[in-house]
Chemist: 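My questions all concern the structure below.
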Amino acid sequence: MIQSVMNIKYDSSRVEKKWQKQWEQEGIWDTKENSSSPKFYVLDMFPYPSAQGLHVGHPEGYTASDIVARFYRMKGYHVLHPMGFDSFGLPAENYAIKTGTHPATTTAKNINNMRRQIKSLGFSYDWKREVITSDPEYYKWTQWIFLQLFKHGLAYESYAPINWCPKDKTGLANEEVINGKCERCGTPVVKKKIKQWLVKITDEKYIERLLHGLDDLDWPESIKTLQRNWIGRSEGAIVNFELWTGNKEPRRKLSEVLSSKFKVISVFTTRPDTLFGATYMVLSPEHELVDLITTEKQFKAVEKYKKESAAKSDLERTDLAKEKTGVFTGAYAINPVNNAKIPVWIADYVLSTYGTGAIMAVPAHDERDFEFAKKFKLPIIQVIKPPSVMPKTYPSLGSASAWGVKEADLESQCWTGDGTMVNSGQFNGISSEQGRKKIVEWLNSKTEQVHNACLIVHGISGHKRENWFPWLKEELNKAGWETIVPTMPGAGHPVLNSWDEYLGQFDQRINENSVLVGHSLGCASILFHLQQLEKKVDTVILVAPTNPLQYWPQLKQKYPQADWDAVKNMSSAQNFNWPKIRSLAKRFIIIHSDNDPYVPPESMAYYKENLPEAEIHCMPGKSHFSESTGGVTSLPEILPFFPKSSSNSSVAQATINYKLRDWLFSRQRYWGEPIPIIHCEICGQVPVPEKDLPVLLPDVKKYEPTGTGESPLANIKEWVNVKCPQCGGPARRETNTMPQWAGSNWYFLRYCDAHNDKQLADPEKLKKWLPVNLYIGGAEHAVLHLLYARFIYKFLFDIKAVPEKCGDEPFKKLKNQGLILGEDGQKMSKSRGNVVNPDEVIEKYGADTMRMYEMFMGPFEDAKPWNMQGIIGVRRFLDRLYKAGENVADVELNKGKRSLHTLIKFITNDIENFKFNTCVSHFMEASNEWFSEEIVPREAYETFLVLLSPFAPHLAEELWEKLGHKKSIFNEKWPEFDPKLIVKAEITLVVQVNGRVRDQFTVPAGISETEAQERALASEKIKKWLGGKQPKKTIFVPGRLINFVV
RNA sequence: GCCGCCGUGGCGGAACUGGUAUACGCGACGGACUUAAAAUCCGUUGGCCGCAAGGCCGUGUCGGUUCGAUUCCGACCGGCGGCACCA
């Protein structure tokens, strides 16, 4: 029970309030901007201002960072130590739904309460730099960052299915889904297809940097591993399996299938060495090819299975799927290594979102495939022989037969490790590691050399296009093209309508053998897309290229009803980076006519100028629209320009896959930063001009999300309906808000220049402070916050918003505080009733006691239970220290010098090594040694107070003042220890016989081995243990022990 | 299942680089002060045997390396955290 401390002399609450007030008035924690001393940036993860206020876990991290901040200040550093609030989020919004109180009101109230609580612990924060993410002055720059992402093609809208929490009525990022349930409310998550904004964290430009950047960081290894696993890089190969053309009763004509974008089934595998053991294939039920290949006979079963798996929530699909399920499609594919005809199944153990959404199944060497094959009686062929001898032999571990079992016993288990290849044709006998490489090489070399992808984009040139493209497709098919990716027909202006989908399909298929064809305005699209893709291709063919600069304004007028949403990419035609485009293709071909009103000489001049190396072919007498073809000319005439069969088609291609998915950046909720995009019917997605930022979050009457995927903002007509900033036409604001994590991934930049209204922060100030030297917070942010913040920082670095000098990693050193558990050893929670309220602790014991106890409980990074009884020990220590102040006298510190300097050394080292718990122990030990005496030497007492001041600032300051000092103790320099004074004159030498302690005595510290031996052998006890025998060997550890071996 | 971390007194924990295991604190027990209690102060406190000197055992379990292991290696058991059909 909490015991009364009323009659203790030290009145903590009075003293603490007194100094908190005085420090604030004097502004002694204000950051000194102009200082030539080295900088140190100590950052805490800022809290969400919850209604429950501060948790005892918060002060643990804050105290540690405060100790470090004060320590570095006293060591002469120039320290930035700020605090703020991450104040957008669901709880305030849910509270608003329940009570009608505006989230801003709730948030302000909670912030005030938490700020009071934080201040009551006496931390040395520079509150003048406080950052609040829901403050428009702040989120203006969150929006600005979003606009930069958008302008760099890293923020995009998509209709893909997302994780949807039915209770919170909002989309969740993958990282927010835990065991198939919503991180916040535990509701099972379902898939929902809604329009959403995503941020391309998986962009090639960033993903490897996010991975490798971890290598040099001073972070806990566990967090780095967590991030690496989350990114989930795996190396392997994409292998193409041809469809078997003899399939019976196809529902679709073979030509239809083959002319689709899937002529083959592509799989991703990390084990190409097991290809000879691939006895069947599995597509995920969502795979687009399923419809095309399923046979009439299997159609019903496949449809039923697809429906079933679609209806399952993620939770059911993973949790309940202990038993594998699946259905045969009726189709077969050809294994490229041995031309074996293997069945194609669908099963929901194959994920549509990873790899290509299809696998080759090698039941002998993959647990899941094995299980599936057993259940559906599919053949199992062993192709890897497990090593029969262990890499290292340990006789104690029994015989190697334990390993041999796996070789023989394919009935009940499979071998997923490496080994020697068997049943694999010419690869028999080589190791599986080698086989991985060799099989991929071999497959590539034996394949007929043809192109594998042709991307065709036409313009909006109108009527006859429907004829041109199917025909082109067919002709190219006949000509032996491996894969033709067609345009998608649709209403109005087909390409434009399907533009987004269209691009997505190509991206992975395009490689250095691809040919890209554009017609009319599609030429600009092709070039722009190529530039965005940043992949090398073989050839770019431009047929009747119209000058985009000339045409877009006209077209907008001409086709006001068109889906101009989709034209956005082309509106950026002004942004062509010609040198880059020219570097991306080996060959450029331009085909035009001399009789084309849409391709006037200016257009040709435009392309000639920018693509000087292009081969130009003029078709005399043709026009832009030709009767039969819809193109500039008839196909037979342009086909010769398609380069034929000049390079490799990749049947197998080494590649890399990641688990990480793009970051869901929109929520269908209210209390968040509005996404600064305007949707115009003509111009599409238009970024809000920077001068119009911030887009303020308006008031609403109802906070409930509509549940249909729209936020409550959609109901405010006067806010939603705006004029397009580009064309002035009618437009609508984006009504989704940003996710919880939007504001928190750059707040540490803002602290450097918290009130700048011209830019997110002055680069000069960023240069001064970044990167963060020490970042302290909970391990629960290991993935979400720390990954996103690193990504945004790298992006800001790339666009030069973060100066080059700062580097592209924001947090040099990271420390995670361990969880503080309840007294019952369980996680603190309201329902368990084991929550400790910091306010009460401070009231009973004082802030300094609280701070020191939190440090004393155990290692900073370990989880440890709170103990109300334990805290009294710290309080007693502080009381004794307080009392000892009365006995301070100006006496010479003679013998005490050594222990004083030892203490300085311990405290200094332990702070540097984050061992705050042992600091407290050292303080207590020193206190027991010195302060129970009648006379306390001033030198010892004062130095002790300076060392203690980062831990117990109020008491240290109070006692410092009582000693007669006029200036704050925090102006003191951190004491240095003198190594000479620490050396002990005498030590206890331990004498061992056969490694067991048998005697010990005090000897001069520098005792030599011979002397030590003499003394030890003289000991009666040792004589007894030696039993008259001569030691075989003597081990002498200077300053510690001597050991005789007999 | 996979990845990471961790097992030391009644409890939180300490132990440098392989060198006296259990520092410091809590609790418990005994004592002082007090009419009494609280508070405070002093002492004892890993287990077993012994009057004692002293001895034996002891850092999750079993084994290994070593003159010597809480520390290094191997296997296992138990706990915590994360990921989870990632091909």
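Per chain, numbering begins at 1; letters A, B, ... match sequence-line order.
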Chemist: Between A:Arg996 and B:C57, is there a side-chain N or O to OP1/OP2 distance below 4.0 Å?
Modeler: yes
Chemist: I want to check a possible cation-pi pair here: A:Lys815 against A:Phe914, using under 6.0 Å from ring centre and within 45° of the ring axis as the test.
Modeler: yes
Chemist: Can you see if the side chain of A:Trp1025 gets near the phosphate of B:G55 - specifically, an N or O under 4.0 Å from OP1 or OP2?
Modeler: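 Answer yes for this pair, as a side-chain N or O of A:Trp1025 is under 4.0 Å from OP1 or OP2.
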Chemist: To the nearest Å, give me how far apart CD (A:Glu371) and P (B:C85) are.
Modeler: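 In whole Å, B:C85 P lies 13 Å from A:Glu371 CD.
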Chemist: Any side-chain N or O of A:Asn917 less than 4.0 Å from the OP1 or OP2 oxygen of B:A14?
Modeler: yes
Chemist: To the nearest 0.5 Å, how far apart are CE in A:Met857 and CH2 in A:Trp866?
Modeler: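 One gets 5.5 Å once the value is rounded to the nearest 0.5 Å.
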Chemist: Anything under 30° is parallel, anything over 60° is perpendicular, the rest tilted; go ahead and classify A:Tyr280 against A:Phe372.
Modeler: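 Ring orientation of A:Tyr280 relative to A:Phe372: parallel.
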Chemist: Should the side chain of A:Gln992 and the base of B:G19 be counted as holding a donor-acceptor pair, with the cut-off at 3.5 Å?
Modeler: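 Yes, a donor-acceptor pair under 3.5 Å.
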Chemist: Tell me whether the side-chain N/O atoms of A:Asn928 come closer than 4.0 Å to OP1 or OP2 in B:G25.
Modeler: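 True: A:Asn928 side-chain N/O within range (under 4.0 Å) of B:G25 OP1/OP2.
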Chemist: Give the rounded distance in Å between these two atoms: CD of A:Glu929 and P of B:C24.
Modeler: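 That distance rounds to 12 Å.
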Chemist: So does A:Lys864 get a side-chain nitrogen or oxygen closer than 4.0 Å to the phosphate oxygens (OP1/OP2) of B:G12?
Modeler: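 No, outside the criterion.
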Chemist: Contact class for A:Arg880 vs. all strands (heavy atom < 4.0 Å): base, sugar-phosphate, or nothing?
Modeler: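 The residue A:Arg880 makes sugar-phosphate contact but no base contact.
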Chemist: Can you find a side chain N or O atom of A:Arg876 that sits less than 4.0 Å from OP1 or OP2 on B:G27?
Modeler: yes
Chemist: Rounded to the nearest angstrom, tell me the gap between atom NE2 in A:His922 and atom C1' in B:A15.
Modeler: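 Answer to the nearest Å: 11 Å.
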Chemist: Per the atom types in the model, does the base of B:C85 pair as donor or acceptor with the side chain of A:Lys324 at under 3.5 Å?
Modeler: yes
Chemist: So, OP1 or OP2 of B:G13: does either fall under 4.0 Å of a side-chain N or O from A:Ser921?
Modeler: no
Chemist: Check this for me: A:Lys905, atom NZ, are more than 12 non-hydrogen atoms of other residues, nucleotides or ligands nearer than 6.0 Å?
Modeler: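 Counting other residues, nucleotides and ligands, NZ of A:Lys905 stays at 12 neighbours or fewer.
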Chemist: Would you say A:Lys915 places a side-chain N or O within less than 4.0 Å of OP1 or OP2 belonging to B:A15?
Modeler: yes
Chemist: Look at A:Arg875 together with A:Asp879 and state whether they make a salt bridge at an N to O cut-off of under 4.0 Å.
Modeler: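 Yes, charged N to carboxylate O under 4.0 Å.
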